[in-house]
Amino acid sequence: HTGENLWVRGARLGSRFVFIVVEDRGDAWRLDAMRRDFIANVSHELKTPVSAVSLLAEALQEAADDPEMVSRFASRLSTESARLANLTSDIIRLSAAQESNPAIANTPLSVNDLLARVLDEHRTLAEQRTMTVVVARADGLRVFGDAEALGVAFSNLVSNAINYSPDGSHIGIGVTVVEDPEGAPASIEIAVTDQGRGIPPEDLDRIFERFYRVDPARSRDTGGTGLGLSIVKNTVQGHGGRVRVWSRPGDGSTFTVTLPLHEDSADHVAPAKPVT
Ligand code: ADP
């Protein structure tokens, strides 16, 4: 494999000759290969919870006379079916995030409202884990977008920050306005920072790939589908923005989302204040 689209194959013909074939496999071939890969990955990911559900259903029938076993199997059954439900909804979200939606450009959204909703969703989990979430206010700042899709993207970043960090640690959501060369506010950077386990440098390039996990067992324990960051990346890119990550094992991680600002946004960012 010599480059993006060029493939080289060859073979020996007796002792004096070789033949070499150089094939230019275009973008359509690559897209098709990616689609096949995705289907193979999805089938593989579905296999475990689907066979667990059918085994547990059988076990439940056999244990009908033993209330303790019934309750144990029923609780595992509900964990596995929740896993299936999460996987299904993440697959649907990812496929929606990969479609471009021209209507997005016309809908202005308040950044404060967007972040407040995401925090509301995670308040209970953060409290259970005695974690503090500190969020900057973004008064007057608006971005263009789909509230539902951007909400899911920030929600994924905040739930990762909680899931991959120790109890009692702090999570910060910072907001920075980036100006254009004339000094007018042009884009906004929203950074989600945690004090968690961090990500090894060799994995940093791969965590946005579908189903890539640094520690598959940990991801499974937290109910992760391995699709969260692919959804973030595709959603943010679909909104004309980008996402970057900084991380060091043991020191925590920062995921920064940059989005174009709506032109009537004020360039005022109030100091962060604790909410949980
Ligand atoms: P998952 O459902 O496994 O969390 P994601 O796509 O959201 O899938 O993330 C991919 C992997 O990146 C995770 O399995 C985890 O190993 C790593 N990761 C993501 N966010 C963080 C974070 N804040 N701290 C440490 N590791 C993280």
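Indexing begins at 1, ligand by ligand and atom by atom, following the structure's order.
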What do you reckon, is CZ of R36 surrounded by more than 12 foreign heavy atoms closer than 6.0 Å? yes
Starting from the C-alpha separation in whole Å, work towards a yes-or-no answer on side-chain contact (heavy atoms from CB on, under 4.5 Å) for K233 and L229. CA-CA 6 Å; K233 185 178 162 195; L229 289 178; over 6 Å; no
What atoms in ligand 1 come closer than 4.0 Å to a heavy atom of [X]?
X	value
S253	24 (N)
G228	5 (P), 6 (O), 7 (O)
G226	1 (P), 2 (O), 3 (O), 6 (O), 8 (O)
T225	2 (O)
F255	20 (N), 23 (N)
G198	25 (C)

With no hydrogens and no angle check, is any side-chain donor or acceptor of H239 less than 3.5 Å from a backbone partner on D146? yes
Could you find the nearest protein heavy atom to [atom] and give me its residue, atom name and distance?
atom	value
atom 12 (O) of ligand 1	I207 CG2, 3.5 Å
atom 3 (O) of ligand 1	S219 OG, 2.6 Å
atom 26 (N) of ligand 1	I199 CG1, 3.4 Å
atom 16 (O) of ligand 1	V214 N, 3.1 Å
atom 7 (O) of ligand 1	N160 ND2, 2.8 Å
atom 13 (C) of ligand 1	Y164 OH, 3.4 Å

Nearest neighbour of atom 11 (C) of ligand 1 from the list Y212, F211, F208, on a heavy-atom basis: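 Looking at heavy atoms only, Y212 sits closest to atom 11 (C) of ligand 1.
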Could you check which of V158, D194, N156, L229 puts a non-hydrogen atom nearest to atom 22 (C) of ligand 1?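 Looking at heavy atoms only, the winner is D194.
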Can you list the steps and then say if R244 with R242 is a side-chain contact (heavy atoms from CB on, under 4.5 Å)? CA-CA 7 Å; R244 283 168 297 159; R242 66 190 180 121; 3.6 Å; yes
Determine whether [X] and [Y] make a side-chain contact, defined as any pair of heavy atoms from C-beta on separated by less than 4.5 Å.
X	Y	result
F255	V232	no
R213	R220	no
R137	N112	yes
V214	I207	yes

Would you say the side-chain atoms of Y212 and D203 include a donor-acceptor pair closer than 3.5 Å?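 Their side chains do contain a donor-acceptor pair, which is all the 3.5 Å distance test asks for.
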Mind checking whether G224 has an N or O less than 3.5 Å away from an N or O of ligand 1? no
Under 4.5 Å between side-chain heavy atoms, counting indirect links through other Ile/Leu/Val/Met/Phe/Trp/Tyr residues: same cluster for V243 and I231 or not? no
